[in-house]
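Inspection log for the structure reproduced underneath, given as C-alpha coordinates.
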Amino acid sequence: MLNCSIAIQILPLGEKERIDIIDKVIAYIKSRHSNVTVSPFETVIEGEYEELMTTLKQAILIAGEDHSNIFANVKINYGRIMTIDEKISKFN
(Lines give C-alpha, C1' and ligand atoms only; values in the text may rest on other atoms or scores of the structure.)
Protein backbone atom coordinates (compact mmCIF):
# COMPACT_ATOMS: atom_id res chain seq x y z
CA MET A 1 0.00 0.00 0.00
CA LEU A 2 1.33 3.40 -0.95
CA ASN A 3 0.58 5.87 1.82
CA CYS A 4 3.87 7.62 2.42
CA SER A 5 6.82 9.24 0.71
CA ILE A 6 9.96 10.42 2.39
CA ALA A 7 12.88 12.55 1.31
CA ILE A 8 16.10 11.65 3.10
CA GLN A 9 19.29 13.68 3.25
CA ILE A 10 22.10 12.05 5.24
CA LEU A 11 24.94 14.41 6.16
CA PRO A 12 27.96 12.85 7.84
CA LEU A 13 29.63 15.57 9.92
CA GLY A 14 33.34 15.50 10.58
CA GLU A 15 36.62 14.78 8.89
CA LYS A 16 36.00 11.43 7.18
CA GLU A 17 35.10 11.15 3.51
CA ARG A 18 31.37 11.77 3.18
CA ILE A 19 30.61 10.66 -0.37
CA ASP A 20 31.46 7.00 0.32
CA ILE A 21 29.07 6.98 3.28
CA ILE A 22 26.30 8.68 1.31
CA ASP A 23 26.80 6.22 -1.57
CA LYS A 24 26.55 3.31 0.86
CA VAL A 25 23.24 4.64 2.23
CA ILE A 26 21.82 5.19 -1.27
CA ALA A 27 22.83 1.64 -2.28
CA TYR A 28 21.01 0.29 0.79
CA ILE A 29 17.87 2.31 -0.02
CA LYS A 30 17.92 1.12 -3.64
CA SER A 31 18.29 -2.48 -2.48
CA ARG A 32 15.05 -2.17 -0.46
CA HIS A 33 12.84 -0.07 -2.74
CA SER A 34 12.11 -0.08 -6.46
CA ASN A 35 10.94 3.52 -6.83
CA VAL A 36 13.87 5.66 -5.71
CA THR A 37 14.67 9.14 -6.98
CA VAL A 38 18.18 10.37 -6.22
CA SER A 39 18.84 14.08 -6.56
CA PRO A 40 21.86 16.22 -5.65
CA PHE A 41 20.37 17.09 -2.27
CA GLU A 42 18.19 14.16 -1.18
CA THR A 43 16.86 10.72 -2.00
CA VAL A 44 13.08 10.20 -2.25
CA ILE A 45 11.28 6.90 -1.75
CA GLU A 46 7.64 5.93 -1.47
CA GLY A 47 5.70 3.04 -0.03
CA GLU A 48 4.04 1.94 3.19
CA TYR A 49 4.75 4.10 6.25
CA GLU A 50 6.13 1.40 8.58
CA GLU A 51 8.41 0.02 5.86
CA LEU A 52 9.78 3.47 5.07
CA MET A 53 10.40 4.24 8.74
CA THR A 54 12.39 1.00 9.01
CA THR A 55 14.43 2.05 5.98
CA LEU A 56 15.01 5.50 7.44
CA LYS A 57 16.20 4.09 10.75
CA GLN A 58 18.52 1.61 9.05
CA ALA A 59 19.92 4.27 6.70
CA ILE A 60 20.94 6.39 9.67
CA LEU A 61 22.47 3.36 11.42
CA ILE A 62 24.39 2.39 8.27
CA ALA A 63 25.82 5.90 7.99
CA GLY A 64 26.75 5.73 11.68
CA GLU A 65 28.82 2.58 11.14
CA ASP A 66 31.48 4.63 9.36
CA HIS A 67 31.03 8.02 10.96
CA SER A 68 30.62 9.23 14.52
CA ASN A 69 28.24 12.14 13.82
CA ILE A 70 25.31 11.89 11.39
CA PHE A 71 22.83 14.65 10.62
CA ALA A 72 19.63 13.63 8.80
CA ASN A 73 17.11 15.94 7.16
CA VAL A 74 13.85 14.09 6.56
CA LYS A 75 10.59 15.18 4.94
CA ILE A 76 7.59 12.89 5.35
CA ASN A 77 4.37 13.02 3.34
CA TYR A 78 1.81 10.66 4.87
CA GLY A 79 -1.75 9.84 3.89
CA ARG A 80 -3.29 10.27 0.44
CA ILE A 81 -0.12 11.19 -1.37
CA MET A 82 0.78 11.91 -4.95
CA THR A 83 3.37 9.47 -6.28
CA ILE A 84 6.86 10.62 -7.24
CA ASP A 85 5.92 10.19 -10.90
CA GLU A 86 2.74 12.27 -10.50
CA LYS A 87 4.77 15.04 -8.89
CA ILE A 88 7.57 15.27 -11.45
CA SER A 89 6.53 13.59 -14.75
CA LYS A 90 5.41 16.86 -16.31
CA PHE A 91 8.97 18.16 -15.94
CA ASN A 92 10.70 15.22 -17.65
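With rounding to the nearest 0.5 angstrom, the CG atom of Asn69 is 10.5 Å from the CG atom of Leu11. Atom CD1 in Ile84 sits 11.5 Å away from atom OG in Ser89 (nearest 0.5 Å).
Between Glu46 and the options Thr83, Thr37, Asn77, Asn35, a side chain to side chain donor-acceptor pair (under 3.5 Å) holds for only Asn35.
Scanning for salt bridge (charged side-chain N to carboxylate O under 4.0 Å, His left out) contacts around Glu65 gives Lys24, with sequence neighbours left out. Under the side-chain contact (heavy atoms from CB on, under 4.5 Å) criterion, Val74 pairs with Leu56, Ala72, Ile76, sequence neighbours left out. Here Asn73 pairs with Gln9 under the side-chain hydrogen bond (donor to acceptor under 3.5 Å, both in side chains) rule; sequence neighbours left out. Every residue meeting the side-chain hydrogen bond (donor to acceptor under 3.5 Å, both in side chains) condition with Thr55, not counting sequence neighbours, appears here in chain and number order: Arg32, His33. Qualifying side-chain contact (heavy atoms from CB on, under 4.5 Å) partners for Ile26, counting only residues two or more places apart in sequence or in other chains: Ile22, Lys30, Val38, Thr43.
Listed by first and then second residue, the salt bridge (charged side-chain N to carboxylate O under 4.0 Å, His left out) pairs involving residues 74-92 are Glu42-Lys75 (not counting sequence neighbours). The stretch residues 60-92 participates, sequence neighbours left out, in these ring pair (Phe, Tyr, Trp, His ring centres under 6.0 Å) pairs: Tyr49-Tyr78. Pairs passing the salt bridge (charged side-chain N to carboxylate O under 4.0 Å, His left out) check and including a residue from residues 50-62, sequence neighbours excluded, do not occur.
Nearest heavy-atom pair, Val25 versus Ala63, reported as atom, atom and distance to 0.1 Å: CG2-CB, 3.9 Å. Listed here is the closest heavy atom pair of Val44 and Ala7: CG2-CB, 4.0 Å.
At a threshold of 4.5 Å between non-hydrogen side-chain atoms, the residues Ile10 and Ile8 count as touching. By the 4.5 Å heavy-atom criterion applied to side chains, Ile45 and Ile6 are counted as neighbours.
Linking Ile, Leu, Val, Met, Phe, Trp and Tyr residues whenever their side-chain heavy atoms come within less than 4.5 Å places Met53 and Val36 in a single cluster.
Grouped by direct or indirect side-chain proximity (heavy atoms under 4.5 Å, Ile/Leu/Val/Met/Phe/Trp/Tyr only), Ile21 sits alone.
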